[in-house]
Each structure stands twice: as structure tokens, then as C-alpha cells.
Amino acid sequence: MTLNGWLQLILYFVVLIALAKPLGAFMARVYEGQSTRLDRISGPLERLIYRLSGVNPQAEMNWKTYALALLLFNLFGLIAVYLLQRLQGALPLNPQGLGAVSPDSSFNTAVSFTSNTNWQGYAGETTMSYLTQMLGMTVQNFVSAATGMAIVVALIRGLRAAPPLATGGIEGVGNFWVDLTRTTLYILLPLALILAVVLVSQGVVQNFNSYQTVLLLQATVDGNGNAVTQQVLPMGPAASQIAIKQLGTNGGGFFNVNSAHPFENATPLSNFLEMLSILLIPAALCYTFGKMVKDTRQGWALLTAMTVVFAVMTLIAVGAEQNGNPAFTPMGVDQTASELQSGGNMEGKEVRNGIVNSVLWASATTVASNGSVNSMHDSYTPIGGFVLLFNIQMGEVIFGGVGSGLYGMLIFAIIAVFIAGLMVGRTPEYLGKKIEAFEMKMASIGILVMPLTVLVGTAIGVLTTGGLATIYNTTPAPHGFSEVLYAFTSAGNNNGSAFAGLGANTLFYNTALGVAMLIGRYWIAIPALAIAGSLAGKKIVPAGPGTLPTHTPLFIVMLIGVVLLVGVLTFIPALALGPFVEQLMMMGQQAGQ
Amino acid sequence: MRSQLRPALASLALLTVLTGLVYPLIVTGIAQIVFPQQAQGSLIVKDGKAIGSELIGQSFDDPQYFWGRLSATEPFPYNAAASSGSNYGPLNPALLEMVQGRVAALKAADPDNTQPIPVDLVTASGSGLDPHISPAAAEYQVARVARRRGLDVSTVRQLVAQHTEGRDLAVLGEPRVNVLELNLALDATASK
């Protein structure tokens, strides 16, 4: 890698970590109900929302009520997004006159956006009206993110609660409506507003115009030999949606190619800010956690574990992509990096981003369950593609989705102290709370459901005609297998990125991936809330000489080990059939040259 | 359950108005006042007509123009209304065929050029709309364009330099040449 490449990577990590503390501390204030600088603007709106929805912000909920509220809210959101797509042809703000979306695609997209997956089976600029993009996609970008953050805050409250609570004997984990509203008003909206305006300054479009026709300098011909003299530029309120799709680990693009599109991500500066936004809130939430449990070392320990894994995976992928595609070399193609070109495997990547910024983005978007892309993952080298699959298969706990990444990581922390407890024959505890059978059952569900969904889904995909019909890269076959594995990995982990060669807008994939997204989201979210409720009712045991401290380097290594062994080992056989075989084929071709 | 129904419906409705209508309208308002050019797609206007966008590439295969990245959009290259990458896997024979085809076209347009070909000139961009090529890819084409237009190599090279952007804030991204703007400048030079 070039010196500048290193500089760009280091700059990214430094800015990310530097922002974690101030933003994390601010979020802790928001969730503790303390005063903030935004009270004067957000406060009246907050109280208005409570009054009109009949919410008593002081009322504590137990975990079951909290889960019920959350599920109802997401269900209504899902129905709203579905109906918007089905009815958009008859609704306003549709200058291109786009018609109703098919039922299966509408279902898939509705699930995708409410579950914070933001998998896209459709192409934005040719499918969704401005109204659908705003009232459907943009709204769910906010509230699905807020939902994830609410869940982790409930879990944190359960971890630190010291019963009996002063809340009428309820083992309370907070109030979902308050967490939802405050997250949206105090955290997501202000950040998105600032980011959106900066993105527009860089060239990201924000208007309500119909698509703009421009004349071409040199005429070209289409596939049927007809002359083409014009280009139609898509327009729309893109910046407002893109800001929140990056911040809320949503990832669903305004345009088909997501943030590879110059109107969605115009310059290296916009690229840096969008990339930073992918991991900003997940990183800061670690500090929020530490602050809320009154031991910031606990938060730093989790953030360290995440950062180490992310850095290592990123470097492996950058190396692989920078090496380029050996098949090009005999054709007289120059892939070496220099001051005049980024070199490397540029298929599916943009010149302004080059290798480093394409791969850093790809790695960030897969460790976090963002799923936005600025390069085409399907065209990565086998090792590069392997890293992206592996990043998602860690269960989206290395940063992960906003909220969902941290509650996933806390589940892994519980497993880690349990395994450590088994080694020394002592009842495990985390932050002074005893981890017993109920917590372990719930943690096990949270961890096992994902591989089950991904692997069974992939197996169905490669065994049925419906699944096989739209595999695009059939030669070589391992790459086609990777496309299907990636699709179910992405859906089952609520990531949303794709090996986009797979034709996923079919009845089979819309349905199968829709179901996978539902399972991947709620079968982890509900066990996490169950753990929160159970822990809320437990006394805090003072730390003794036999207590395993959970902020030390030893514990960080232990935690990484558990994530890798428990989380990813399941996937090695599947990975062997896809990227590993493809890598061997590539090496074979190289040797034959 | 019933006690949560009203909050669920009401908060969804209220947050929809706030994040789905008010928020995008505020952003649009600020954007149109402070950054109108960027918010409308950074259009290049000549004689009152939009002839392109600074941010969206166009297709060039005439040897007197600089060529940009390959584009995998359908049904014609650089179809801005349907952005798409090739999504070819690295070992897909179709990818190698595509690269080979571009190499052959470049050689046919400039048979004497024996320099190695910069990789961005023979691969398709992720968006299919990449407006840029690397400075190396521009340099590879300088002699050909100069010859076809009867211009000095140094004149063409100077134009390339004028349309080369460095890294943002001296660190971010990669140096790049805007192909459409460069070709527009070439046309303006030739007509002098």
C-alpha cells in the first residue's frame, strides 16, 4: 500500500475514535433524560408527540410490554411501506409516473426497511416515486435505527438496574415510546440535517425536479444499434435520505448503485463523511454503554475489540484488491499503484475512490450492518469478497447495526463470561449480574438462529430452480455459490449489501430473503430484551476476588476469540465452497500462465 | 396490547410527518438557497442548454476524444437513468472478454502506443457513470488525441493538467481527470 493509503486509513480510524467519546456522552445524557443543548428545539416537539400519542413518559415498561410496543410499531411501519409502494402510481410527488411495485417486491422492501436491513431488490431511480422514497424509505431509515438503539438502551438498563426499582415493583427496562422519540429527535435528526447539507455542498442532489435530459457530446449507440444522443439524469431529494441511510446503518440507496453513484456520493470528501457516518453511532454507543453503567472502561473494552477485528479484516481486503486481478496482467494492463493511478482491481470501483476508499467502505459497511456500497462487491477478488462475507458472518457485532451491533456484542460478552465461568467452575457474572440458565438460553437463541437462517436459506437457494434461475456469474460455479451465500448472509444479518450479480427481484428471493430478514432481526432483538428483563430483576453482586474483570486486555482477547469461534466457525465449510475454491482457481490460472 | 395501539399508530404518523416531510423539505430549502448548482445536479450549461453534468460521465469512443471508464449500463453505456456495474466475478470469462475488447480498441486507435494500459481504462466502474479517469489513463491517451486533432502534445498535456483534480484536502481520495470537461475544453481549443 502507498504512504497515502496508510494516511487515509489512519485518518479514518483517528477521527472515528475521537468522535466516539463526545457523541457517546451526549447520547448517554439523552437516554438518561438529562438536559441537553437541543432541549429548546426538540423539547416542545417531544412533548407534543407524547401528548398526541397518549404516552406517559414516566411510565416504566417491563420487557414484554417493551417488546410488544416495538413489534406493533414495526408492524405498522411495515404495512405503511408496503401500501405506499402498491399505491404510489395514484399518489403525488411522482414526476416520472412510476407505477405500483409488485406485491412480492413490495413485501421484501417493506421488511427490508423496517428491519434496518435495507436490502434492495429494486433499482431506486426506475422503481420508487419521490413520495415513496420520503414517506417510506427515509422515515424507516430513522425509526428502524431508533428501534435498534432503543433495544440496546433497554438492555443496558437491565444490566445496571438495582432492584427493587422505584417504579412500582416493575422490573422496568425503560419506555419504548420515549426511547424511540428521543433517539429520533435528539440524535438522528440533528446529525442527519447537518450531514445532508454538507453532502449537498459536495454535489449530492436534493430537489423535486423531474429527471433532467442533457445532450451528449458524442452520440453513442444502444444494444439494438439505434443512435443515442441524449442522457437522462435522475434527480430527487437524495441528500436527505442518504445522510440518514449512512448514519442509521440502513444502507438502502436512493439510486441503484447506491453510493457508487456520483449523485449519491460526489467527491472524496463526501465519501469520507459518508464512510465515517457508517460507524459513528455504533462506535459512540460503546461509550454511551460505559457511561450508563458508570464504568467507561467497559465501553472502551468493547470498542477496542471491535476496532482490532475491523482493522485486521480491512487490511487483508485492501491487500487483496490492491494486488489486482492476475488475469489482466498478460494483456498488458498496468495494475501497480503510483502517484498517477490507484491501480489494483478497479472493476466495479470508481476512480475518485480508488482502492483504499472502496475497500475501507466495503469493510466498514459489512462489519456494521449498513450495507450501502461505493463499489461492487461481486467484482472483488476471491480474498476481498471472502473478507466481506466473513465480516457479516461474525453476526454484525463488530460495530454492527446502530444498537443491534452493541446488543449483539453484549450477548457475546455474556457468552464469553459464561465460557470463562465454566473453565474455573464458578457462576459467571457480567457487571455484577449473575448469568444463569435463562440468560444463557436466550443468548444461545440469539447466536444460533442467525447461522441457521443463513445456511438453510443458502441450501434452499442452491437446490431449487427458483434459487438457481437468476445466478448471474455461473462461470466459475463457486462464484455463483458465493452470490447466493452472500444474499442470505446479508439478509440473515440485516446487512443489506449484495453480490449484486444475483437477480434478487424474483418471487423466490423476494420471499425467502424477506423471511430471513424478519428472523434475523427479531429473533435476536426479542431474546436481547428478554435478557434485559431478566437481569433487571437481579441484585448486583459486589465484585470479589474470583470475579472476571471485563475491561482488561485478557477479556478483550477472550471476547474476540468467542466471536470468531462461536460466531464464524459455522461458516467455514460454506466459505470453502465459495471464495476458497475461487481463490485456488485464480492461483491455478496464474500458475498456468 | 390495546394500550399500545394508539401510541404505535400516532407516533408512526407523527414521526412520518417529521422525518418524511418536514426534514427533507428543510434540507431542500437550505440546499436550494445555499448550494443551488450542486442541489440541481451540477449541470454544465452552454448557450442556455444543459449539455451534461460535472459529476456524470458520458460515453466516448471517437479517437479524437479522451475515453473514460467502461460502463456496464443497459441498453447503452453511461445510461444515467439506470446506473449499474458489470457485477462480473473476477474469473468470469465475460469480464476477461470485456477487458480484452477494450485493450484491442485502444490498440486499434493508437497502434504505435506500447505503454502498459492503466487498469481503470479497461475496467467498468461500479456506477457505470464514473466521470473520471486516473491521470495515468489520461497520459496514456495524450499522444493519440494530439495526433488526431493536429495539436501539440504539450498543449493537450496542459489541458489535461488543467482538468486534473488532486486529492481532497491533500489526503482524501485519488487524483483524477474529468473526461467530459476535458473533452469540452478540447473542442473549444480546436475551434480556435
Side-chain angles (χ1 to χ4, degrees), chain A residues 49 53-55 69 72-73 76 134-135 138-139 142 177 196-197 200-201 203 205-207 214-216 218 220 222-223 228 231-233 237 240 255-257 260-262 266 268-269 272 325 331-335 340-342 346-348 350-352 354 375-376 378 381 473 476 479 500-501, chain B residues 4 6-8 10-12 14-16 19-20 24 27-28 30-31 35 38-42 50-53 55-56 58-60 62 75-76 80-81 83 85 87-93 96 103 116-120 122-123 125-127 130 132 134-136 168 171-174 176 183:
Chain A
I49 290 177
S53 1
V55 167
L72 273 178
F73 180 75
F76 290 139
M134 287 161 62
L135 294 190
T138 308
V139 171
F142 277 99
W177 306 116
V197 173
V200 176
S201 80
V205 294
Q206 179 75 23
N207 59 54
V214 300
L215 294 172
L216 291 177
Q218 187 206 320
T220 182
D222 70 12
V228 179
Q231 197 179 35
V232 176
L233 307 179
S240 52
F255 304 113
N256 184 39
V257 292
H261 200 296
L269 181 61
F272 182 81
N325 189 336
M331 302 180 201
V333 174
D334 181 9
Q335 297 181 81
L340 296 180
Q341 67 162 6
S342 76
M346 282 300 287
E347 180 64 28
E350 308 287 299
V351 165
R352 62 192 179 282
S375 59
M376 296 300 120
D378 214 346
T381 60
N473 282 281
H479 195 84
Chain B
Q4 303 302 330
R6 179 178 159 203
S11 3
L12 181 63
L14 293 166
L15 290 175
T16 297
T19 62
V27 175
T28 310
I30 299 174
F35 307 109
Q38 290 94 321
Q40 310 276 12
S42 308
I51 54 163
S53 163
L55 297 176
I56 305 288
Q58 296 185 4
S59 176
F60 293 100
D62 185 330
F76 55 90
S83 58
N87 286 312
Y88 288 138
L91 295 181
N92 193 327
L96 305 183
V103 169
I117 305 172
V119 64
D120 57 302
V122 299
T123 45
S125 63
S127 61
D130 195 344
H132 300 117
S134 65
D168 287 14
V171 189
L172 299 175
E174 301 293 332
R176 56 211 182 273
N183 284 334

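Convention: sequence-line order gives letters A, B, ...; per-chain numbering from 1.
- Interface remark: Phe76(A) contributes backbone and side-chain atoms alike to the contact with chain B (heavy atom separation under 4.5 Å).
- Chain A forms more heavy-atom pairs under 4.5 Å with one residue of Val27(B), Thr19(B), Asp62(B) than with any other, namely Thr19(B).
- Between Asp168(B) and Arg176(B) a salt bridge is recorded (basic side-chain N to carboxylate O distance below 4.0 Å).
- When the candidates Gly52(B), Ser42(B), Gly85(B) are compared by the number of heavy-atom contacts under 4.5 Å with chain A, Gly52(B) comes out ahead.
- Contacts with chain A were tallied for Ile51(B), Leu55(B), Leu15(B), Leu96(B); Leu55(B) has the most, counting heavy-atom pairs under 4.5 Å.
- At least one side-chain heavy atom of Gln231(A) sits under 4.5 Å from a side-chain heavy atom of Ile56(B).
- Residues Ser240(A) and Gln206(A) have side chains that bring a donor and an acceptor to within less than 3.5 angstrom of each other.
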Worksheet item: When you look at Ser134(B) and Glu174(B), which way does the side-chain hydrogen bond (donor to acceptor under 3.5 Å, both in side chains) test go after all the steps?
Response: CA-CA 8 Å; Ser134(B) 65; Glu174(B) 301 293 332; over 6 Å; no
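- Contact of Gln218(A) with chain B is made through backbone and side chain together, with heavy-atom distances under 4.5 Å.
- Residue Thr220(A) touches chain B through its side chain alone, counting heavy-atom pairs closer than 4.5 Å.
- For His479(A) (side chain) and Tyr88(B) (main-chain N/O), no donor-acceptor pair under 3.5 Å exists by modelled atom type.
- Heavy atoms closer than 4.5 Å to chain B are found in the side chain of Asn325(A), but not in its backbone.
- Listed here is the closest heavy atom pair of Ala260(A) and Arg352(A): O-NH2, 3.0 Å.
- In terms of heavy-atom pairs under 4.5 angstrom with chain A, the leader among Gly126(B), Ala10(B), Ala81(B) is Gly126(B).
- Ranked by heavy-atom pairs under 4.5 Å with chain B, the list Gly223(A), Ser375(A), Gly348(A) is led by Gly348(A).
- Within the 4.5 angstrom heavy-atom criterion, only side-chain atoms of Val228(A), from C-beta onward, approach chain B.
- When Val55(A), Asn207(A), Thr138(A) are compared by the number of non-hydrogen pairs under 4.5 Å with chain B, Asn207(A) comes out ahead.
- Using a 4.5 Å cut-off between heavy atoms, Val232(A) contacts chain B through both its backbone and its side chain.
- Residues Val257(A) and Met376(A) are in side-chain contact: their nearest non-hydrogen atoms beyond the backbone lie under 4.5 Å apart.
- Of all the listed residues (Pro476(A), Pro237(A), Ala266(A)), the one sharing the greatest number of non-hydrogen pairs under 4.5 Å with chain B is Pro476(A).
- Note: Val171(B) leads Asp120(B), Val103(B), Val171(B), Ile30(B) in heavy-atom pairs under 4.5 Å with chain A.
- Contact of the Val122(B) side chain with the Met346(A) side chain is not registered, since no non-hydrogen atoms from C-beta on lie closer than 4.5 Å.
- Counting only heavy atoms from C-beta outward, the side chains of Leu12(B) and Phe73(A) approach each other to under 4.5 Å.
- Note: Ser83(B) leads Ala31(B), Gly173(B), Ser83(B) in heavy-atom pairs under 4.5 Å with chain A.
- Residues Glu350(A) and Ser125(B) share a closest heavy-atom pair of OE2-CB, 3.4 Å.
- Residue Leu91(B) touches chain A through both its backbone and its side chain, counting heavy-atom pairs closer than 4.5 Å.
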